[in-house]
Amino acid sequence: MSERDALYVYALLPDRAGAADGVTGIDGLPLRLLSVPGTGLAALVHDAPATPYQGGDEQVRRWVDEQSRAVTLVWERTGGLLPTTFNVLVAGHAPDTGTDGDADTADGAGTAEQRLTAWVTEQAPKINEQLAALDGRCELRVEITLDRTALSADDTGADAADAAAVRSAGLRRLLAKQQEQQSRQAAERLADALHAGLRGRLLSVADDLRDRGRTHRAPQETDVLCAALLVRKDEIDAVGTLLSELQAEQPAVRIRFLGPWPPYSFAETPETARV
Amino acid sequence: MRCGVTAERAPLRPTRDPRVTLDDLVEVLLNKGAVLHLDLIVAVADIPLIGVNVRAVVAGMETMLEYGMMRQWDEDTRAWAERSVRRRGLDLREGESVVCRMSGGHLLAEGIYTGWRPGTVHLTDQRLVVVRDEPREVLWQADLDAVRAARLEPERTVGGEERLRLRVALADGGEALLSAQEPEKLHARLTDACAGRLDTPFPFRPAVEEEPLHEGHLWFHEPRRGGPLWRGGQGRLTAAGLVWKAPVDSRPALVVPMADIAGVERSAGYGPAGEGTVFVVRTTDGGEATLAADDPAAWTERLAAARPAMGTG
């Protein structure tokens, strides 16, 4: 086997000639389309050794940046694709190793190209169905928090009882703590109500919404909603309008609005569910 | 609920600037996207391959782990965390000895990151310490002399489970909330270690938690662009109103303040819980929420009782 006997897979997509022309991926490697005959599908790949990429933080961040740029460029050319996660590598498989009597061709022996082609062929109906569901749609990321320092007394129902009037430093700290706790609880209740309202409004525009973890948060902020949205490309402004209305209604709201990206959070293949 | 915003507002524009979005992309690309047949591939976002800080970037991982999401990652990460724990103990002071230790965490509420930080809770005969395993850092500690009170309090997790947390009040008016693998044991040992010095009444007001008038599993027919979708979750009716939350959502998808409830009625037809299980809560702004329960009568009766002025159908 050669040094590069594996395929690093970026995405599965409709087979459009030229979609990968001039596109480079991780470490500037040129990407190519591996057409899967008879399915109308292709895989966006580069040739790679059969070892996962690993490295330090900055290195990984750079690779992720390169991968997402490449996928986004091809996605914009084709209108739809199923992006894969980082480090999805298909290796060639010698006939004698790891046989488990499985007749499934996808598990069988062959070069990386043969194995990937066999798997895509087998999964083609599901992949095509999913591509159709995602066609013309993008992923947007919406992160909403409440800045507790910007909440009005109306919002928090805070006691006007003035901690400064208390003489004992210990008691003052205690009161301050209690006020902080009250303001947190009030923010929690407000965040619940804002979340329910906003979620409903977003779902009237988006095709799907998934709660996501958050990557940014300041200490004085309370989470309201952090979600990936699946949105038709011509509805991006409708989401943007909802968010600017929210900002106008509740000035203490802080909004991060990211995208549009290929639909990473909505690209599970049926095999994912099986895991 | 507010509606009828008439002023035309310029829509916010999403950003794709990598200087802003790279952390999010890292999280997404390590965690999301199509996964090929597992037998086919060499690696899928295999955590141990990735640098420590990148892992920390993967947002709210501790929280997600705690709430049992990302099960695939749990085992890898836990195994890794446990290995780290074995490698690193607590640097003891002279004459200090360990009473007990267990995995746990500290709720950071004032630092750069608000949330649970996992590590190991060490109780010694001198201190209560929470140490992060890797990179090693004392997340929180207090001398036992400074501990004024300790109390177990239940916290409802996002998944709807109740977990006991240990709240500790300090002499300087500060307090801390700790999680622990065996909270009762930690509380008992801490009380013993502080022998007689703890104030019996906890000096802080307990979290205001409304007594539920009714709660239990409830289906919500969530309106969506493509048509409503039945989703399972937890319903909770208090004097403040009706709240419904799905275990996978971070916050409730339905919050109806009691004052906004205009009526409740049973609805014919099938819900996910069977025939005749569906009921509709109408709101004063003309909206409605369709719900279903195994015990629809109990819900509608209690909703009606909680708000005697409203009509029942």
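In the text below, chain A, chain B and the rest are named by the order of the sequence lines, each starting its count at 1. Everything numeric here is computed off the predicted structure, so don't read it as measured data.
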Any salt bridge linking [X] with [Y]? Criterion: basic side-chain nitrogen under 4.0 Å from a carboxylate oxygen.
| X | Y | answer |
| --- | --- | --- |
| D223(A) | R251(B) | no |
| R225(B) | E235(A) | yes |
| R224(B) | D207(A) | no |
| E76(A) | R16(B) | yes |
| D23(B) | R61(A) | yes |
| D192(A) | K245(B) | no |

Exercise for review: Flag the one option from D172(B), L254(B), L229(B) with the top tally of heavy-atom pairs under 4.5 Å to chain A.
Suggested key: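 Option with the greatest count: D172(B).
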Review point. Picking from D17(B), L25(B), T21(B), what satisfies side chain to side chain contact (heavy atoms under 4.5 Å, CB included) with L258(A)?
Key: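 The side chain to side chain contact (heavy atoms under 4.5 Å, CB included) with L258(A) is passed solely by T21(B) among D17(B), L25(B), T21(B).
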Check your understanding: How long is the span from the CG atom in D65(A) to the CZ atom in R19(B), to the nearest 0.5 Å?
Key ->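 It is 11.5 Å, given to the nearest 0.5 Å.
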Exercise for review: Measure distances from P223(B) to the heavy atoms of chain A and classify the residue's part below 4.5 Å as side chain, backbone, both or neither.
Suggested key: backbone
Practice item. Could you walk me through whether I236(A) and R13(B) pass side-chain contact (heavy atoms from CB on, under 4.5 Å), step by step? Key: CA-CA 8 Å; I236(A) 294 174; R13(B) 301 268 173 198; over 6 Å; no
Review point. Under a 4.5 Å cut-off applied to non-hydrogen side-chain atoms, are C226(A) and S250(B) in contact?
Key: no
